[in-house]
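The structure presented is a predicted model; accordingly, all values stated were derived computationally and were not measured.
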Amino acid sequence: MRAAGVTQLWLKRLADNDNSKNQVYLGPDLTALNVLPTGPLTSEPDKPDILKSALQFSWLTDTGVLITAPGAQLILYPQYPEVRFSGFLRGAQGGPNDVMTVRQSGRVLFFGITAAGAIIGYAAARDSDLAREIAALNLQLDTGVFSRLTIEVGTDEKQMLIDELRRITALGWIDSKRLNKHGEVLACPSPNCGGYTLEAELGIRPNGYADPDFHGWEIKQHKVPKLSRPASGGAITLMTPEPTGGVYVEDGINEFMRLYGYADRAIEDRRNFGGIHKSTQICLKTGLQLTLDGYNATTLKITDFTRGVSLIDATGRAAATWHYKDLLSHWTCKHAKAAYIPSINRKTPGNQYQFGNLVRLAEGTEFRLFLNAVASGAVYYDPGIKIENVSSAKPEIKKRSQFRIKSASIPLLYTAVTEVNVAA
């Protein structure tokens, strides 16, 4: 697995009916998406509530050869919910048919995750030395139905993050900076450069991908009044997905801004769209309210996956919609593990940041926790969209859709949030 580029190694102990005919059961929830990198979630018109995601999956043979499994996919049944693994033998010439076509407990299925997001599988028969060795380890479940193995000494991602944060906090005040896409260090003179400065220290280049920032960890810097109080401070941006439906998509952003935007008070020929939009109240600036159509906040289940989180106007029309399948893919990929690092800022002798040694490490998120936080008003939509030179032939559009949460409410999104003193 190491030779194949694997950096994370997971396993599932297979039950009798975990096979190619019945599919492999990956849990009574959607936490499998926190472990296995997926592609876009799709559905068929006649089965909109069943989602599928193709996987970049290969089988590892005993001789170290990789065999591509082009049919491998995850099937999500959000209405239950549950996730199953299927198609893993289809088109895989030389795959482990002898192990994965039988009804037999005691088998072990390994999932190796590479840095590029590929999945490398290996199936161990019940009577194999490897299966017996795994049984003797008595591994506990780590995430959902998965146990985790350390792939190599020195690749504990959490410890690597803690070590780096220890180094950064020991630096004290750091000049404001950012990395460009080439990895070059540039000055960052704007007033909100704390995140860029931290990412520059961690070697994180800016990108538009919804992947975690640092060895599987999403990095979230946030301002606080005092570094000794890491849970204090204002709002934290969770994600910035563009709408996938509603007027915003169907009629275009110009029509959206004409209907729901408002003239800037100070700058001529400019329209803005901003304000805090919650599910618990109408935003006075725009007249819109956040809703969760097709979601039962009591049972924490999505009842209609063709719907989504929407901004609804007074007539009931959807001004903008974020479909559940798109939010689900974005959220589980990027937020399975997140580190929240407090910072303070000073302007003299220059724009500088200092990062606190008390950080919060959050693990075990589920999409239903995010949706429930939206339903309660803890997570809200706080956009910063504008069109300048509206009356001209080429108006300038700036898009900024963002879902945010107060720092103190972060524990609502995870099953475990631990405060760690990285300097200890």
Side-chain angles (χ1 to χ4, degrees), residues 23 26-34 36-55 73-87 210 238-253 255-256 259-260 277-280 288-335 365-377 379-381 383 399 401-403 413:
Q23 305 171 344
L26 295 183
D29 50 38
L30 305 180
T31 54
L33 300 183
N34 294 344
L36 302 178
T38 62
L41 297 174
T42 61
S43 61
E44 298 176 4
D46 58 333
K47 296 179 180 179
D49 288 336
I50 299 177
L51 303 180
K52 297 181 180 180
S53 178
L55 301 178
Q73 63 180 355
L74 293 187
I75 302 180
L76 286 69
Y77 302 90
Q79 65 271 33
Y80 298 138
E82 73 177 40
V83 177
R84 290 184 176 270
F85 177 42
S86 75
L238 296 171
M239 55 181 177
T240 57
E242 279 289 288
T244 52
V247 173
Y248 190 101
V249 173
E250 295 160 11
D251 298 324
I253 189 171
E255 179 66 5
F256 172 87
L259 292 173
Y260 307 112
H277 296 76
K278 293 185 175 184
S279 64
T280 55
L288 302 177
Q289 184 171 358
L290 212 58
T291 67
L292 292 92
D293 195 13
Y295 177 73
N296 189 320
T298 302
T299 61
L300 303 183
K301 289 185 178 180
I302 297 171
T303 58
D304 186 351
F305 231 93
T306 64
R307 309 287 181 159
V309 177
S310 294
L311 287 174
I312 302 297
D313 65 18
T315 69
R317 188 183 188 186
T321 296
W322 293 262
H323 290 99
Y324 290 131
K325 65 182 180 67
D326 300 299
L327 284 177
L328 169 62
S329 180
H330 190 107
W331 178 258
T332 53
C333 175
K334 198 170 179 68
H335 291 270
T365 189
E366 293 182 37
F367 188 52
R368 64 179 180 85
L369 297 179
F370 170 78
L371 292 181
N372 202 44
V374 175
S376 70
V379 169
Y380 51 89
Y381 179 61
K399 301 177 181 180
S401 289
Q402 53 188 11
F403 287 90
L413 301 174

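In this structure Trp322 satisfies the side chain to side chain donor-acceptor pair (under 3.5 Å) test with no other residue, sequence neighbours excluded. Listed by chain and number, the residues in a side chain to side chain donor-acceptor pair (under 3.5 Å) with Glu250 amount to none (sequence neighbours excluded).
Within the 4.5 Å cutoff, side-chain heavy atoms of Tyr248 are placed close to those of Ile253. For the pair Val309/Leu371, a side-chain contact is recorded, criterion being any heavy-atom separation below 4.5 Å from C-beta on.
Without hydrogens or angle criteria, Ser279 side chain to Val374 main chain gives a donor-acceptor distance under 3.5 Å. With Ser329 contributing its side chain and Asp326 its backbone, the two residues share no donor-acceptor pair below 3.5 Å. A donor-acceptor pair under 3.5 Å is formed between the side chain of Asn34 and the backbone N or O of Thr365. Although no hydrogens or angles enter the test, the distance criterion places a donor-acceptor pair under 3.5 Å between the side chain of Lys301 and the main chain of Tyr80. Looking at His335, its side chain does come within 3.5 Å of a backbone N or O of Leu238 through a donor-acceptor pair.
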*I would like to know whether Asp313 and Thr315 meet side chain to side chain donor-acceptor pair (under 3.5 Å); could you show each step before the answer?*
CA-CA 5 Å; Asp313 65 18; Thr315 69; 2.7 Å; yes

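Ring-plane geometry between Phe403 and Phe370 is classed as perpendicular, the angle between the planes exceeding 60 degrees on a 0 to 90 degree scale with a lower cut at 30. The aromatic rings of Tyr324 and Phe367 sit perpendicular, their planes meeting at an angle over 60°, well past the 30° parallel limit.
Heavy-atom minimum distance, Pro48 versus Leu51: O-CD2, 4.0 Å.
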